[in-house]
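Chain letters run A, B, ... following the sequence lines, proteins first, then strands; residues in each count from 1.
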Amino acid sequence: MQWDIVIGLEIHTQLKTASKIFSGAATAFGAEPNRQACAIDLGLPGVLPVLNDQAVRHAVRFGTAIGAEIASRSVFARKNYFYPDLPKGYQISQYELPVVGRGEVDILLDDGSLKTVGVTRAHLEEDAGKSVHEDHLGDGRLSGIDLNRAGTPLLEIVSEPDMRSPAEAVAYARKIHQLVRWIGISDGNMQEGSFRVDANISLRPAGSDTLGTRAEIKNINSFRFLHKALEFEIERQRDILEDGGTIVQETRLYDADLDETRSMRSKEEANDYRYFPDPDLLPLAIDAAFIQAATAGLPELPDAMRTRFAEQYGLNTADAVTLTSSLAMADYFEQTVAGCGDAKLAANWITGALAAALNKADLEIGACPVTPEQLIGLLKRLQDNSISGKIAKQVFDAIWAGEGDADAVIAARGLKQITDSGAIEGIVDAVIAANPQQVEQYRAGKEKVFGFFVGQVMKQSQGKANPGVVNQLLKHKLAGE
Amino acid sequence: MIDQTLGEPIAELAARLRRRELSSRELTAACLARIEQHNPALNAFITVTPEAALADADAADQQLARGEGSPLTGIPIAHKDIFCTQGVRTSCASRMLDNFIAPYDATVVSQLSSAGAVSLGKTNMDEFAMGSSNETSYYGPVKNPWDSTRVPGGSSGGSAAAVAAGLCVAATGTDTGGSIRQPAAFCGITGIKPTYGRCSRWGMIAFASSLDQAGVLARSAADAALVLQAMAGFDSKDSTSAEEPVPDYSSELDASLSGLRIGLPKEFMSPELDSDIAAAVEEAIAVLRQQGAEIKEISLPNSELSVPAYYVVAPAECSSNLARFDGVRYGHRAADPIDLEDLYKRSRGEGFGAEVKRRIMIGTYVLSAGYYDAYYLKAQQIRRLIKQDFQRAFGEVDVILGPTAPTTAFPLGDKTTDPVAMYLNDIYTISTNLAGLPGMSVPVAPVAGLPVGLQLIGDYFAEALLLNVAHQLQRHSDWHLARPPASLTE
């Protein structure tokens with residue numbers, strides 16, 4: 001049987017604020033346990049929450065970036081449940097009236113086309129603390145609670161069940177990750193838990209439009225794990241369904257060590273959260289002036305920039321997507337184009353050699369050892385035929401390795417292309433003289449041998465001979481002219 | 001002699017302190033002596049802090065000697081044990097917080113301290129402010145100073161009894177459904193619950209956040225005006241706090257009542273009302289009429305829905321507010337829990353009393369999936385109707401008047417087995433909390449030797465008007481001067 005895969009994601013992204021969402025305690029990562037938790041974060045009796053405006057501004061920026069409606073009146077609700085790392089016995093979140101309503105983002109599919117994924121809503125909430133189950137007191141029996149993270153502002157971004165494969169889900173998650181960093185509302189640091197994904201996944205017979213029973217995989221903190229967890233879960237559900245079984249609606253955990261998902265709790269045990277409006281916080285009124293102030297200085301957004309890149313620079317979709325994968329990448333590209341004047345050349349180099357080198361070194365574009373100016377210097381030498389494409393790659397590697405700008409590398413390594421036809425003619429003559437057999441073959445009509453001569457000449461010139469001149473001279477001489 | 005002094009109005013005491021005829025230390029020591037003498041019988045205080053009080057009194061005396069200070073400088077007061085006090089136990093009359101010492105002061109507490117008031121300690125109350133008789137306290141019931149076999153009213157019963165018996169000059173209280181006004185009525189004193197948001201809720205342990213409001217229990221409207229003045233105002237630490245300027249309450253006390261329109265809700269003055277209480281209210285009305293006030297009958301048609309709506313909204317909020325008491329971080333923790341669930345269950349099972357548990361269960365039920373719409377949402381709709389009733393009424397009248405409670409103080413144990421009968425005791429006071437309006441109770445003619453309260457309800461932020469009406473009534477009558485026998489003997 002053929003199955004359709006249906007995936008929706010809930011992404012928790014930590015917002016970049018100096019203090020917590022309802023208290024003045026700091027949000028920096030890595031402090032000693034409970035050093036960044038004040039009376040409010042501890043839920044001491046009598047304390048009250050006061051909303052951090054910056055968190056709202058960030059939510060509004062995000063909503064604007066996905067073309068969503070910003071609620072003029074938004075309400076904070078209490079989500080009630082008991083857990084030791086939840087100090088108040090409830091989490092302040094949003095339920096019926098979130099700050100951000102429906103919006104959408106585009107993702108790039110494997111076939112090079114774009115797909116629009118719906119974002120159902122995005123709401124503000126506070127993070128919980130952390131339970132520490134190691135033997136932290138050395139007596140072998142107590143669990144500890146670290147409330148440093150309690151009250152950290154989160155934006156929970158809920159997608160429509162629009163993804164049809166793990167690859168699409170990963171592309172969507174990457175897109176949201178790119179976006180929150182692009183607009184400066186989150187550092188997106190996944191190791192520190194600033195960006196966490198819950199995935200809902202179900203299968204249904206191909207062509208059916210009713211949703212199957214879903215499982216939710218909680219707290220995935222890497223794109224690779226997201227892909228693997230979804231693949232595992234698809235197989236698991238497919239096996240059950242094909243054996244005639246039924247899927248149990250439940251929450252599952254992904255174990256990266258074993259590469260499997262396993263049950264955390266079933267729906268029967270699930271909490272009734274008893275949501276109701278938090279009486280300690282007045283409804284949030286967001287007016288046009290607030291939205292304007294919050295979105296002031298918002299950079300050109302990736303989807304708009306991608307469209308512009310494609311149109312303005314004549315790029316294909318895949319290159320346009322890659323070059324707008326981060327603001328730093330887009331800046332790099334535009335600086336390079338401005339310097340060299342050839343968008344396609346710049347795009348080829350950045351999405352090719354540069355991206356490969358960054359990938360290999362596991363570096364972000366912001367940490368690229370080759371500056372746009374240096375790349376421009378290299379491309380200029382290519383454009384004026386001082387070097388060939390092949391040599392250019394060598395020069396690039398040398399610049400990457402810190403040997404200086406293109407001109408310095410070319411001079412130091414003597415890589416300047418030979419365009420002087422007199423010098424090339426000498427090499428050509430020598431190669432023809434040294435290979436009479438191949439000359440005969442060529443003249444007998446075996447044109448393939450031509451490539452051999454080009455190769456020999458390039459080798460003799462250490463790659464520096466201008467390929468155009470080489471071709472021209474060879475053709476001439478081999479024809480016996 | 002000092003006992004007589006204690007009975008004087010705050011303004012008079014303040015003048016004498018300023019003239020150095022009396023020191024705050026003497027006044028404070030006199031209160032402490034009375035507490036020592038009478039508290040064992042009354043059980044009005046949970047915690048008394050004599051050393052801190054005397055130190056504060058000395059500081060006040062020094063301030064007064066420099067010619068500084070406010071009208072409250074050196075005046076001994078007490079705080080309901082629901083207000084957090086830095087370094088002093090704040091128990092909320094619950095076993096759950098028997099060991100809790102807050103690292104901060106409630107805003108109301110710090111404002112009164114800044115005004116120079118001396119705190120004698122923390123007064124008894126219904127556990128987590130849940131009750132109308134002060135019988136749910138972990139520390140035992142408070143006795144009514146007028147008759148020790150009767151309740152003082154709840155939940156600010158300790159504060160009311162302490163003021164009535166002259167153990168302090170005034171006290172703070174909180175009012176969620178009538179918890180300042182009803183004990184004020186039962187103990188024959190003056191109590192005011194201002195507009196919701198008028199006083200900060202920071203540091204006041206929450207029962208039902210959308211209804212809770214801090215206020216004052218005092219011997220007269222003039223005293224209440226001085227204390228409320230120091231407590232009221234915007235607090236950036238409380239998001240529901242009102243950004244309204246605080247008027248000078250004392251300066252408006254003497255305004256004439258001529259032309260004042262007083263509304264008498266027919267639902268409050270129904271034939272079912274105890275005729276003696278109705279007569280006491282009528283007697284007070286006659287005094288106000290003599291001052292030039294006009295009386296109009298009005299209607300609050302949805303007031304009969306206020307008790308059921310309240311007993312959905314308040315428990316809903318309390319079930320959530322009290323979830324933090326889980327034995328994990330502070331407060332009572334069960335011994336040797338076998339696992340997390342056992343820790344929660346036993347800590348809460350042992351820490352909370354029966355009435356608190358009852359309300360948590362009601363609240364959990366009305367918020368649960370499938371019942372939310374039928375109960376919580378419906379109650380919020382009723383709340384809106386009640387608010388509209390008042391809005392309509394305040395289009396016609398300036399002040400609404402009626403009884404504070406349907407009966408005088410009832411005997412201890414009388415209603416403890418019948419929660420609904422107990423809840424109905426707040427029938428006249430609850431609607432103002434649902435609407436967020438200010439309300440006040442002042443003593444009128446006693447019935448069978450027990451105090452009766454007259455309730456005044458005002459429009460939003462009309463505290464000055466309520467205090468003005470109450471003060472004019474007290475200038476032209478002497479009911480508020482009557483003292484219970486317990487404070488007169490010895």
Side-chain angles (χ1 to χ4, degrees), chain A residues 21-24 34 37-53 75-92 95-96 129 131 133 141-147 150 267 269-284, chain B residues 82-84 90 92 94 96-97 100 102-107 128 197 200-206 208-212 235-241 313 316-317 319-331 340-341 343-344 348 363-372 376-377 380:
Chain A
I21 185 166
F22 298 118
S23 85
N34 296 310
C38 68
I40 295 172
D41 307 318
L42 263 55
L44 291 186
V47 301
L48 294 168
V50 175
L51 179 62
N52 182 342
D53 275 359
V75 171
F76 285 94
R78 291 185 183 178
K79 179 180 181 180
N80 295 281
Y81 65 97
F82 284 100
Y83 207 69
D85 65 19
L86 187 72
K88 299 186 291 295
Y90 57 83
Q91 177 192 27
I92 305 177
Y95 187 56
E96 281 183 296
S131 299
H133 297 299
R141 67 187 191 107
L142 292 178
S143 287
I145 307 288
D146 177 4
L147 294 176
K267 196 195 174 199
E269 305 164 47
N271 286 297
D272 174 358
Y273 290 120
R274 290 174 283 121
Y275 281 100
F276 76 105
D278 190 330
D280 287 333
L281 292 160
L282 298 176
L284 185 59
Chain B
I82 199 169
F83 292 102
C84 289
T90 300
C92 232
S94 180
M96 186 58 89
L97 291 177
F100 180 70
Y104 45 84
D105 276 336
T107 298
F128 284 104
S200 170
R201 290 189 297 115
W202 169 264
M204 183 174 118
I205 297 176
S209 313
S210 75
L211 302 161
D212 295 344
D235 180 7
S236 60
K237 293 200 292 250
D238 174 1
S239 310
T240 60
S241 158
V313 173
E317 293 183 12
S319 72
S320 177
N321 283 335
L322 270 56
R324 68 187 60 198
F325 305 110
D326 57 6
V328 173
R329 296 165 309 286
Y330 52 80
L340 183 62
E341 200 166 305
L343 169 73
Y344 287 155
R348 289 170 68 79
T364 304
Y365 180 81
V366 300
L367 286 176
S368 61
Y371 298 98
Y372 180 89
Y376 183 79
L377 216 57
Q380 292 291 21

As an exercise, state the distance from [atom1] of [X] to [atom2] of [Y], rounded to the nearest 0.5 Å.
X: Leu281(A); Y: Asp278(A); atom1: CG; atom2: CG; answer: 4.5 Å
X: Phe82(A); Y: Asp326(B); atom1: CZ; atom2: CG; answer: 7.0 Å
X: Ile205(B); Y: Ser94(B); atom1: CD1; atom2: OG; answer: 9.0 Å

Which portion of [X] sits near chain A, non-hydrogen atoms under 4.5 angstrom:
X: Ala102(B); value: neither
X: Leu97(B); value: side chain
X: Ser236(B); value: backbone
X: Phe325(B); value: side chain
X: Ala208(B); value: neither
X: Tyr371(B); value: neither

What residue in [options] has the most heavy-atom pairs under 4.5 Å with chain A?
options: Tyr104(B), Phe100(B), Phe83(B); result: Tyr104(B)
options: Asn321(B), Leu377(B), Ile82(B); result: Asn321(B)
options: Ser320(B), Ser368(B), Gly203(B), Cys84(B); result: Ser320(B)
options: Leu211(B), Thr364(B), Val366(B); result: Thr364(B)
options: Glu341(B), Lys237(B), Gln380(B); result: Lys237(B)
options: Arg324(B), Arg329(B), Met204(B); result: Arg324(B)

### Message
Do Asp41(A) and Ser23(A) pair up side chain to side chain, a donor and an acceptor below 3.5 Å, judged on atom types alone?
### Response
yes
task = Report the C-alpha separation of Leu51(A) and Leu284(A) in whole Å, then their side-chain angles, then the decisive distance to 0.1 Å, and conclude whether the side-chain contact (heavy atoms from CB on, under 4.5 Å) test is met.
result = CA-CA 9 Å; Leu51(A) 179 62; Leu284(A) 185 59; 3.6 Å; yes
Can a donor-acceptor pair be found, under 3.5 Å and without considering hydrogens, that links the side chain of [X] to the backbone of [Y]?
X: Asn52(A); Y: Phe22(A); value: no
X: Ser239(B); Y: Pro49(A); value: yes
X: Arg201(B); Y: Thr240(B); value: no

Chain B shares the most heavy-atom pairs under 4.5 Å, among Asn80(A), Leu42(A), Asp280(A), with Asp280(A)
Turns out that what part of Tyr81(A) lies under 4.5 Å from chain B's heavy atoms comes down to neither
Tyr372(B)/Phe276(A) aromatic ring centres below 6.0 Å: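 No.
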